[in-house]
There are 2 protein chains.
Amino acid sequence: MPNRRDLSHVGVATTRQEQKERTRQAILAAALELTSEQGFAGLSLRQVAREVGFVPTAFYRHFDSMEQLGLALVEQSFVPLRHMLRDARRDPATYDDVISASAQVLHRVVLANRSRFVFIARERFGGVAAVRAAIRHELQLFVTDLTTDLERFAQLQHWSADDVQMAARLFVNLMVSTAERLVETPSEAVREQEQIVTDVTRQMRLIVIGFAGWRPR
Amino acid sequence: MPNRRDLSHVGVATTRQEQKERTRQAILAAALELTSEQGFAGLSLRQVAREVGFVPTAFYRHFDSMEQLGLALVEQSFVPLRHMLRDARRDPATYDDVISASAQVLHRVVLANRSRFVFIARERFGGVAAVRAAIRHELQLFVTDLTTDLERFAQLQHWSADDVQMAARLFVNLMVSTAERLVETPSEAVREQEQIVTDVTRQMRLIVIGFAGWRPR
DNA sequence: TTCGTGAGTGAACATGTGTGCACCGTAACA
DNA sequence: TGTTACGGTGCACACATGTTCACTCACGAA
């Protein structure tokens, strides 16, 4: 029987698969860190290995290629965003406040996961086609989810399906643009960060006002 | 006296600076072409040289570094967009049609300058910091220009300066997002291209409807 | 206690890279 | 008609890169 208490060093409990998972996470973290400086396309396998404390060939024990790493990073980077939207749906805020609440939640999530959002923004149109496609797919999921959410709103009940999706896309675009704006503004610039939050609040409000006056054709 | 008719080969009139300008343009074109496949950060000086038909060191006769090339590409890529907006201002369309006219003009300009828009979209958050900054600056110029344009609209006369700029930013975001959408949709997919145009038309209309109901705080 | 599996090693390879340097040929000037 | 300035060449260098292969050695099952 294996002795799970025979630790190789202090502190970390180490079964074999735990260790593997841990270095996998280390690879993801290192790649995210390096990508935020130079972009994923300009990232080399050897750089990742060096950052992790690897020999280059050990990389292949975890990923077949850099492209696979990129896809894993997309997956990982969208997790906080998916959670944010899931929570928002689970706990439906009062109608009037939902706008400014959303803006502030977005702000908080972006700040707490800065490097992941940098990755998404940077690689959305970056050099690796497979990564681009994966990100586009994730964003499209948001559009369809939000479309079904919007269909429940009273004001939009008589809209055509096309129009509802158009509105959903407008919101998702706004979310993406805002996340990009937040990410390209240094987090110390508190004043400008707040300006972005009030901007997106007003922009959403402007759009919602538009809802009332919209007449489907 | 130099003999300008003594052409080195057929066809092209060749003064020295004309020739230099021509190869400079060739470099820009080659770089744009290659960037659309792999991103500027992953583009090497030698690749550019190979594509142009150069020896690598000749590159330095035209640009100090790849970074300088990147900045020149930004400058060049924004030209059609600047012209589009200049023309739009010069020839102010009738109020009601200005929206769908703008959408179609944007569509036309993006199609005619596809590779340039790919470059902007890709490098807006790409790996080269100086290039990112240059693109952000150009887009900020659009926001301030559009802000002064919007201030002339009757409906917005009583808005605060902040609100007008917020609205301008919403429009510029929409323009950028739409250009990105157009660019990531194959130009043969006529149906989807048209969907994008009608989407942006409706989205702008939705926002303008919001203008009417907006009450500054 | 034995032993296979598999994460990580280390050397080697062919190839790509940025840049320095001496060099050429000719357009543009005196 | 020289003479020069300069766009482009060719070679060299010291790197960095992806991938191969045979290897170690400890976990974890028997």
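Each chain gets a letter, A, B and so on, in the order its sequence line appears, and its residues count up from 1.
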### Query
Looking at residues at least two apart in the chain, or sitting in another chain, which of them share a ring pair (Phe, Tyr, Trp, His ring centres under 6.0 Å) with B:Phe117?
none
Would you please name every residue forming a side chain to side chain contact (heavy atoms under 4.5 Å, CB included) with [X], sequence neighbours left out?
X: B:Asp145; result: B:Arg89
X: A:Arg86; result: A:His83, A:Arg90
X: A:Arg82; result: A:Glu75, A:Phe78, A:Val79, A:Glu138, A:Phe142
X: B:Ala130; result: B:Glu67, B:Leu71

### Task
Taking salt bridge (Lys or Arg N to Asp or Glu O under 4.0 Å) as the test, write out the residues that go with B:Arg124, two or more places apart.
A:Glu180, B:Glu180
### Residues forming a salt bridge (Lys or Arg N to Asp or Glu O under 4.0 Å) with B:Arg132, sequence neighbours excluded
none
### Task
Name the residue closer to the 5' end of DNA chain C, choosing between A:Gly53 and B:Leu45 according to the nucleotide with the nearest heavy atom.
A:Gly53
#### Entry: Most 5' of B:Gln17 and B:Leu43 on DNA chain C, judged by nearest nucleotide
B:Leu43
### Query
A:Asp64 CG to D:dT19 P: how many Å, rounded?
10 Å
### Message
Nearest whole Å is fine: how far is C:dA7 P from A:Glu18 CD?
### Response
15 Å
### Message
Strictly by ring pair (Phe, Tyr, Trp, His ring centres under 6.0 Å), give each pair with a member in residues 46-77 of chain A just once, sequence neighbours left out.
### Response
A:Phe59-A:Phe63
### Query
Which pairs with one or both residues in residues 179-201 of chain A pass ring pair (Phe, Tyr, Trp, His ring centres under 6.0 Å), sequence neighbours excluded?
none
So which protein nitrogen or oxygen atoms get under 3.5 Å of nucleotides 4-6 of chain C's nitrogens or oxygens?
{"residue": "C:dT5", "atom": "O2", "partner": "A:Arg16", "partner atom": "NH1", "Å": "3.4"}

### Summary
Of the candidates C:dT19, D:dT17, D:dT19, the side chain of A:Gln47 sits closest to D:dT17
### Task
Given side chain to side chain contact (heavy atoms under 4.5 Å, CB included), test B:Glu33 with B:Ser115 step by step and report yes or no.
CA-CA 7 Å; B:Glu33 166 74 17; B:Ser115 59; over 6 Å; no
### Task
Kindly say if B:Ser44 contacts the phosphate of C:dG16, meaning a side-chain N or O under 4.0 Å from OP1 or OP2.
no
### Query
Which residues within residues 26-42 of chain B lie with some heavy atom under 4.0 Å of an atom in DNA chain C?
none
### Query
Are the side chain of A:Gln193 and the backbone of A:Thr185 linked by a donor-acceptor contact shorter than 3.5 Å?
yes
Table of protein N/O atoms under 3.5 Å from nucleotides 10-15 of chain D N/O atoms:
{"residue": "D:dG10", "atom": "O6", "partner": "B:Thr57", "partner atom": "OG1", "Å": "3.0"}

